[in-house]
K.L.:
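Before I ask anything, here is the structure I am working with.
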Amino acid sequence: MKKIALFWLTLLLMGALVGCKEGIKTVVKEKEPEVVRNYAVNSNNIIMNKAGDTIYIANIDINTVTVVDSQTKKVTAEIPVGKSPVQLTLSPDEDILYVSCRYDNKIDIISIEKEKVVDSLDVGIEPYGIVTSQDGKRLYAANYRSSTISVIDLSRKKVESEIEVGDRPRTLAITADGHKLYVPHYLEGKISVINTKTEEIKKVINLAVSPDKNDRKKSQGIPNALEQFVISSDGKKAWIPHMLTNVDTPIHFQETIFPAISVIDLTTDEEIIDERKELFEEMNITDEKNETIIFANPYDVVFQPNGNKAYVVMSGSEDLVVFDLNRGGNATQSLRRIEGNNPRGAVISPDGETIYVHNAMSHDLAEISTGGEGSYARVKMKGENLALISKDSLSPLVREGKTIFYSANSEEFPTEITGNNWMSCISCHADGEINGRTLMTSKGPRDVPSNVLTTKTGLFMWDGSRDDFKDYLLTVQGEMGGMMELDPSKPLPKEVEHMYDAMFAYLDDPNSFPVPKSPYRNKDGSLTNTAEEGRELFEGKAGCITCHAGPQFTDSVKAVDENSNLTTNNTNFLHDIGTTNPLDKPSKGDARAGYSNPRDTLHFDVPTLRGVWATAPYFHDGSAKTIEEVIERIQYEGKPTFTDGEILKLAEYVRSIK
């Protein structure tokens with residue numbers, strides 16, 4: 001009997017265990033399938049979720065990200081993030097928002113549910129564009145100064161590889177199938193095409209130079225300042241807003257800088273040159289005087305969901321231009337003046353009825369009605385702008401100066417900063433720094449200098465012919481076509497002087513143009529062994545420190561008078577280093593200085609070497625492409641003979657100066 005009872009007890013226990021297993025099967029949930037995005041996306045300073053009910057905006061110089069409910073037209077959160085948030089991207093399931101914090105060298109991870117930063121990712125120097133892979137397993141980050149793309153494994157939150165690309169990778173875009181990543185290079189007029197499976201560059205697209213024309217006031221020049229790469233609604237093409245810079249003629253606002261939008265065939269990865277949009281051609285909207293309306297600084301593009309129209313944001317002239325793709329692809333309408341200052345990004349609602357525009361200087365959101373999909377629909381402003389920030393981190397004077405610096409709006413200030421909306425300061429000083437071009441001037445060819453430390457390095461201009469920032473009235477009049485009613489030999493009106501004070505305050509603010517960190521240093525920021533040996537040569541045998549001295553690595557700060565005021569009359573710190581160009585011309589001086597500042601074609605101001613690695617080409621005429629070439633060509637009294645190894649060491653050190 002005991003054996004029988006034991007037998008039945010065993011059976012009951014076995015049945016109970018089976019029952020438990022069956023019960024477990026019924027309560028354990030199946031893992032939800034991973035969300036795989038099936039449409040193309042590009043990185044931007046403003047993005048919208050797929051449903052169209054939430055907008056995310058990177059407040060570029062405020063260090064916050066704003067979340068907007070597009071249905072209620074209200075800000076639901078302003079989230080603190082790292083320094084200089086420039087672009088955003090969402091995870092495919094839209095639970096996570098990633099933001100590139102440019103000057104912190106990291107990507108902040110924001111939980112949409114918690115509305116706060118929950119983690120950060122260390123990447124390269126100055127991350128800019130970011131996009132997630134279509135399955136959400138990876139994040140791609142374009143490191144502007146490192147010239148690399150970081151590939152981040154999001155499950156481990158680690159950089160798993162680095163893809164070396166060309167100079168200054170900026171924004172990013174990924175195709176609907178996730179197979180191709182497009183990387184525009186900001187100043188080079190190139191786009192690297194990366195195979196996301198092999199992580200190799202499969203092609204480099206070179207944007208065509210727009211050929212010279214007999215009429216120098218017609219669009220022509222070299223593509224640069226590539227701001228975005230936006231894939232069309234059908235995924236077959238991409239539009240790239242950028243500038244054309246004409247280097248063949250003396251700088252003139254009507255002949256040097258032109259807006260353009262290039263079009264790429266994504267099947268062949270070739271530019272469709274015939275479809276490029278240029279001023280006076282595909283962009284030829286006329287005003288009531290039958291004159292072509294001038295636009296400046298194209299920045300972003302959005303497409304109607306059905307693909308029949310494209311809308312381009314002109315950040316400098318502060319306009320929206322409409323292109324009808326069903327009627328030849330030309331511009332058919334413009335909204336002159338988007339409300340707010342410096343529109344830089346846009347998104348369009350899923351129904352195509354509303355465009356939301358991010359104004360980067362006034363930090364507000366403009367709402368524009370498209371009027372629908374019809375060919376004769378007209379865009380117009382809609383309601384009041386929505387404030388995006390609770391407090392501006394910049395002083396009112398610095399904000400005003402920055403707004404002027406980025407503006408080509410000829411109607412907004414006490415006097416025109418530019419003639420007829422043609423160009424802003426950043427049209428030549430792209431991103432506030434350089435455009436990598438050498439432009440012709442009345443004195444000869446001049447390399448466009450950087451604004452990094454410009455207020456702290458002594459005299460202004462390559463020939464040191466200015467000692468007061470207000471002397472840039474001459475640049476505004478002669479090159480930008482603004483302020484023409486003013487006599488340069490007389491004091492400026494108070495309201496105009498205030499404009500220059502504001503711009504100087506912006507340029508002088510240490511947060512405006514930080515010295516770029518050098519990718520040529522060790523990861524911990526120290527000098528490499530080669531650079532250390534180069535420093536010894538720099539300070540010793542080579543004698544470079546004689547002129548490139550002090551905290552700013554220049555002696556221009558010593559050009560002062562008996563009262564220690566900077567003066568163009570002190571020419572002791574202008575140097576002849578054998579770089580005269582045959583096209584250089586002497587100057588009798590200018591009216592601002594009472595013609596007391598004549599200049600020859602031999603002597604030039606000493607530029608700072610801080611961050612100089614990022615300012616190629618070199619010399620006043622841009623004739624040296626590399627630091628090595630500078631060391632070989634420069635001439636000065638007592639210059640020793642260098643071996644190839646010493647040139648290498650010197651160059652390594654100079655590229656490492658920060």
Side-chain angles (χ1 to χ4, degrees), residues 42-45 58 60 63 81-89 98-109 117 119-133 137-154 156-174 181-188 190-196 199-201 204 226-227 229 430-434 436 450 452 513-528 531 610-616 652 655-658:
N42 62 277
S43 184
N44 207 342
N45 54 71
I60 294 168
N63 303 339
V81 295
K83 193 172 182 180
S84 188
V86 283
Q87 294 203 332
L88 308 160
T89 194
Y98 300 93
V99 52
S100 53
C101 302
R102 183 176 183 179
Y103 295 135
D104 276 343
N105 302 325
K106 67 179 183 179
I107 310 296
D108 274 352
I109 303 174
V117 175
D119 209 342
S120 295
L121 303 166
D122 293 323
V123 286
I125 302 174
E126 294 187 26
Y128 209 97
I130 48 174
V131 292
T132 49
S133 61
K137 294 180 179 179
R138 289 178 177 80
L139 177 72
Y140 301 98
N143 301 308
Y144 188 70
R145 299 295 187 187
S146 303
S147 297
T148 60
I149 305 298
S150 292
V151 183
I152 301 157
D153 182 335
L154 291 176
R156 299 188 300 123
K157 296 180 181 176
K158 296 286 185 182
V159 174
E160 63 178 15
S161 60
E162 296 277 359
I163 306 171
E164 293 187 3
V165 293
D167 185 50
R168 290 175 171 86
R170 187 80 161 185
T171 190
L172 293 176
I174 194 167
L181 184 71
Y182 290 91
V183 186
H185 300 279
Y186 188 53
L187 297 184
E188 289 188 319
K190 298 179 180 179
I191 303 98
S192 291
V193 187
I194 294 176
N195 182 320
T196 56
E199 296 184 0
E200 294 176 340
I201 298 174
V204 176
L226 279 59
E227 296 293 356
F229 190 98
D431 209 25
E433 297 182 16
I434 67 169
S450 172
V452 173
F513 303 108
V515 177
K517 293 182 179 180
S518 173
Y520 297 94
R521 287 177 170 254
N522 292 319
K523 286 189 176 181
D524 63 2
S526 63
L527 293 175
T528 65
R610 295 184 63 189
V612 73
W613 70 270
T615 63
E652 184 81 358
R655 279 192 286 262
S656 302
I657 295 173
K658 64 178 182 178

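FYI, side chains are in, hydrogens and waters are out, and symmetry mates aren't considered; it's all heavy atoms of this structure.
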K.L.:
Please name all residues satisfying ring pair (Phe, Tyr, Trp, His ring centres under 6.0 Å) with Y140, sequence neighbours left out, ordered by chain then number.
P.N.:
none
K.L.:
Do R138 and T196 come close enough that some side-chain heavy atom pair is under 4.5 Å?
P.N.:
no
K.L.:
Holding to side-chain hydrogen bond (donor to acceptor under 3.5 Å, both in side chains), I want the full list of residues that pass it with D153, two or more places apart in sequence or in another chain.
P.N.:
S155, R156
K.L.:
With sequence neighbours left out, what residues match L187 under side chain to side chain contact (heavy atoms under 4.5 Å, CB included)?
P.N.:
R168, A430, I434
K.L.:
Working to the nearest 0.5 angstrom, can you tell me the gap between N63 CG and C101 SG?
P.N.:
8.0 Å
K.L.:
In chain order, what residues pass the side chain to side chain contact (heavy atoms under 4.5 Å, CB included) check against D431, with sequence neighbours excluded?
P.N.:
R102, Y144, R170, Y186
K.L.:
Is there a donor-acceptor contact under 3.5 Å from the side chain of N522 to the main chain of D524?
P.N.:
no
K.L.:
Quick one: list whatever passes salt bridge (Lys or Arg N to Asp or Glu O under 4.0 Å) with R145, sequence neighbours left out.
P.N.:
E126, E433
K.L.:
Who passes side chain to side chain contact (heavy atoms under 4.5 Å, CB included) against S146, sequence neighbours left out?
P.N.:
I125, N143, T148
K.L.:
Scan V183, L226, V204 and name whichever one has a side chain to side chain contact (heavy atoms under 4.5 Å, CB included) with I191.
P.N.:
L226
K.L.:
Could you tell me whether the side chain of S656 and the main chain of E652 form a donor-acceptor pair under 3.5 Å?
P.N.:
yes
K.L.:
What residues form a side-chain hydrogen bond (donor to acceptor under 3.5 Å, both in side chains) with K157, not counting sequence neighbours?
P.N.:
D119
K.L.:
Residues two or more places apart in sequence or in another chain: which of them pass side chain to side chain contact (heavy atoms under 4.5 Å, CB included) with S161?
P.N.:
V151, E199
K.L.:
Just jot down the side-chain hydrogen bond (donor to acceptor under 3.5 Å, both in side chains) partners of S43, sequence neighbours excluded, or say none.
P.N.:
Q87
K.L.:
Tell me every residue that passes side-chain hydrogen bond (donor to acceptor under 3.5 Å, both in side chains) with D108, counting only those two or more places apart in sequence or in another chain.
P.N.:
S120
K.L.:
Listed by chain and number, what are the ring pair (Phe, Tyr, Trp, His ring centres under 6.0 Å) partners of F513, not counting sequence neighbours?
P.N.:
Y506
K.L.:
Just to verify, what does R610 make a salt bridge (Lys or Arg N to Asp or Glu O under 4.0 Å) with, not counting sequence neighbours?
P.N.:
none
